[in-house]
Each structure stands twice: as C-alpha cells, then as structure tokens.
Protein chains: 2
Amino acid sequence: MSKHTHKREAPELLLQNAGLKKTKARLAILTYLQEHPTPHSPEDISRALVNNTDTSTIYRSLETLESCRILTRIDFKKGRAYYEIVDPDHHHHHITCTDCGMIEDVPVCDVEMLIKKALSKTKTFDSIHTHTLEFFGHCSRCKNN
Amino acid sequence: MSKHTHKREAPELLLQNAGLKKTKARLAILTYLQEHPTPHSPEDISRALVNNTDTSTIYRSLETLESCRILTRIDFKKGRAYYEIVDPDHHHHHITCTDCGMIEDVPVCDVEMLIKKALSKTKTFDSIHTHTLEFFGHCSRCKNN
DNA sequence: TTTCTAAATGCGAATTATTTGCATTTGTTT
DNA sequence: AAACAAATGCAAATAATTCGCATTTAGAAA
C-alpha cells in the first residue's frame, strides 16, 4: 500500500506512553490497524480479530484510543465511523469518490498554517488539538461513467 | 449572530435552480435553516417545523438538499448529523470545544488552494466537489476548568 | 383548467450503529 | 501473592437513520 517506510511504534509502547493498560483487546486492535494502515470500521475490526473480542469492547477501546490520540476517527459520510492509526510522520487526509466509494490518501495538509489561521480568527478558543479534513469528488473511472 | 449581511437566495429559487420540486417540507426546512444560520440536527429541524413534518421526510429532504449542494452536512462527532445552508459568499468551517461542546464559525479556509494541492497529489481523482474541515480544541472558559 | 404521472410524503415498522448496566476477569501496583 | 481499579463480556437498551408501501402532490402535458 504505502511506498514509504512507516516508523511503527510498538503497540505496547503506544499504550504505555499514553498511560493505558496493555489489554488484549487494545493490543489486538492496534496490531491489526498497524498491519492494515487504511481506515477501518468497528465492524471491520471485529471481524478481523481472531479472539472474537466483544463489540462493546471494541467500541470502548476505539474511543479510548482515539481520546488518547493514538487513533483518529474519520467520517466518510458512510453512516459509520472509521479509524486509522495516527502516524505523526505521515499526516494525511483522504479523498473519497462519491460514486464508487473509493478512498485515497491525500498526503498534504499544511496543518500548522491551517490551525494558526483558525486560532487567529477566534477569541474564544485557546487551543486546537484535532482537526478533520476530507475531500469528496469523482475518480477518473467514475467520471467516464 | 452574524455581523455580515448574508445574501439569501429565496428557498424557491434554490429549489428551482437545482431542478427540485418546491415541496412544503423542503421550503420549510430551507426557510428555517436560513433564519437560523447555525448547524442543526434533523431532530432540531423536526422540532422547529410547525406543520409537524414526518421524520423520514426530513431525512429524505436533507439528503436531497445536501446532494444538490444546497445544504452541507457537518460531523461534529456528536453521534448525529448537522446541516447548514451553503452560502458560497461566506464559506466557513467550525471549531468545537471538546469539553463543553460550544461551536464557533471559522471564516477562513483557502479552499482553492487546498483543493488544488489535493488534486495535484492524486492521479486517480479528476475533481473535488466537496470538502469538510473541522477543528476541535478547548475554549478559554473550559481551559481554566 | 383539468388530467396525468413521477416524485414526495406519512406512517409504521425495521435496521444499524453504538451504548449501557452489571457481574466477572484482568493488568498493574504494593 | 494480595488488592483494587479498570477493562471485558454478555445481554439488553438506545438512538439515529432507513425502508416499504399506500396516499398525496407538484409540475408537465393536454
């Protein structure tokens, strides 16, 4: 998938650094998402885990991992959440074809600039810790019907 | 709310230009969203409409209006959708406080640049017709606990 | 205007994703 | 090894959103 070398933090370390318990569910989810570095829904993940982790555990784990910024949650307007491992060295967003649903990474986003601009426009907000940016369009295949 | 003068296209015209039928539900929704130009959930809208429009009709109308780009759908990560009237002259995004839920407009976004950059990075996509950009942070009140 | 037809609505019921309460298990700390 | 808070599994509940279908309605055609 990726042509780049991704520096993978070991799941154990990710949890440890966040002060989270190293539980089987969390380790399994992180390992899976690291080995499959594209957006996955809770259902995807549930199906993928061999040890048959309970759905509610998956949801709870995903929420915890997202709030610790280990995972990021993405809204593709498909009626369910998707999650990806956060890799600070390869910050990216996505472009989705609204015809066929195909998703591609968009490796650029001048985050610093965007956030600075946003903060300069508000007096009510002191800090921005997260942002979402998604593009929707048509891929060449769908454009030609 | 807004210090700017918003050029409001009459709901009738919006529907006409999109080639949509001018139905009561659509007109009511558009009128409400124009008079209350902040993000609203389907439930908000349902409660607001006097003629007691059916929920499924509201959902169907919102979907139609969004796909015609008359409305935009926003994901504030609150477990439900929010909609706003699209005003091309006042393109904006939002910043949400993840403590208290407060939402503020962020009037800046160099859309053209963002989209151009995104398109330059992909060979698979020909066009981008929509983008989402949301910021999450802490407002000054919440920051000081 | 009246007629006609496809599209939109209302209603009820079904889905689907996600959440919650609680008893049990597990990870970490002492 | 003991102790305890936190995480899990299970079952059941929510909450948002969707669907099927009979009825109505907006706009085109006559």
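Numbered from 1 within each chain, the chains take letters A, B, ... in sequence-line order.
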Expressed as a whole number of angstroms, how long is the span from A:L65:CG to D:dA7:C1'? 12 Å
Tell me whether the OP1 or OP2 atom of C:dA8 has a side-chain N or O from B:T57 closer than 4.0 Å. no
Reading 5' to 3' through nucleotides 10-25 of chain D, protein heavy-atom contacts under 4.0 Å coded B for base, S for sugar-phosphate only, - for none: B-----SBBBB-----
Using whole Å, report how far CG of B:N51 lies from P of C:dA8. 17 Å
Is the number of heavy atoms from other residues, nucleotides or ligands under 6.0 Å of A:K24 NZ greater than 12? no
Between B:L20 (CG) and C:dT9 (P), how many Å, whole number? 10 Å
Whole-Å gap separating C1' (D:dT8) and CG (A:L49): 14 Å
Taking any heavy-atom pair under 4.0 Å as a contact, classify A:S41: base, sugar-phosphate, or nothing. nothing
Spacing of A:I58 atom CD1 relative to D:dG9 atom P, expressed in whole Å: 9 Å
Who else is in the cluster with B:I70 when I, L, V, M, F, W and Y are joined by side-chain contacts under 4.5 Å? B:L14, B:L15, B:L20, B:L27, B:I29, B:L30, B:Y32, B:L33, B:I45, B:L49, B:I58, B:L62, B:L65, B:L71, B:Y83, B:I85
So B:F136 and A:H131, ring pair (Phe, Tyr, Trp, His ring centres under 6.0 Å) or not? Walk me through it. CA-CA 6 Å; B:F136 298 88; A:H131 69 286; 9.5 Å; no
Check B:E43 with B:R47, please: is the shortest side-chain N to carboxylate O separation under 4.0 Å? yes
Between CZ of A:R26 and P of D:dG9 the distance, given in whole Å, is 12 Å
At under 4.0 Å, does any side-chain N or O of B:T23 touch on OP1 or OP2 of D:dA26? no
Classify the ring geometry between A:H129 and B:H138 as parallel (under 30°), tilted (30 to 60°) or perpendicular (over 60°). tilted
To the nearest 0.5 Å, tell me how far B:H91 NE2 sits from B:H93 NE2. 3.0 Å
Taking only side-chain nitrogens and oxygens of B:S61, does any of them come within less than 4.0 Å of OP1 or OP2 of C:dT9? yes
Separation of C:dT18 atom C1' from A:I45 atom CD1, nearest Å, is 14 Å
Using 4.0 Å as the upper bound for N to carboxylate O, is an ion pair formed by A:K77 and B:E66? yes
Whole-Å gap separating C1' (D:dT8) and CG (A:L62): 14 Å
Which part of the nucleic acid does B:T64 contact within heavy-atom distance under 4.0 Å: base, sugar-phosphate only, or nothing? nothing
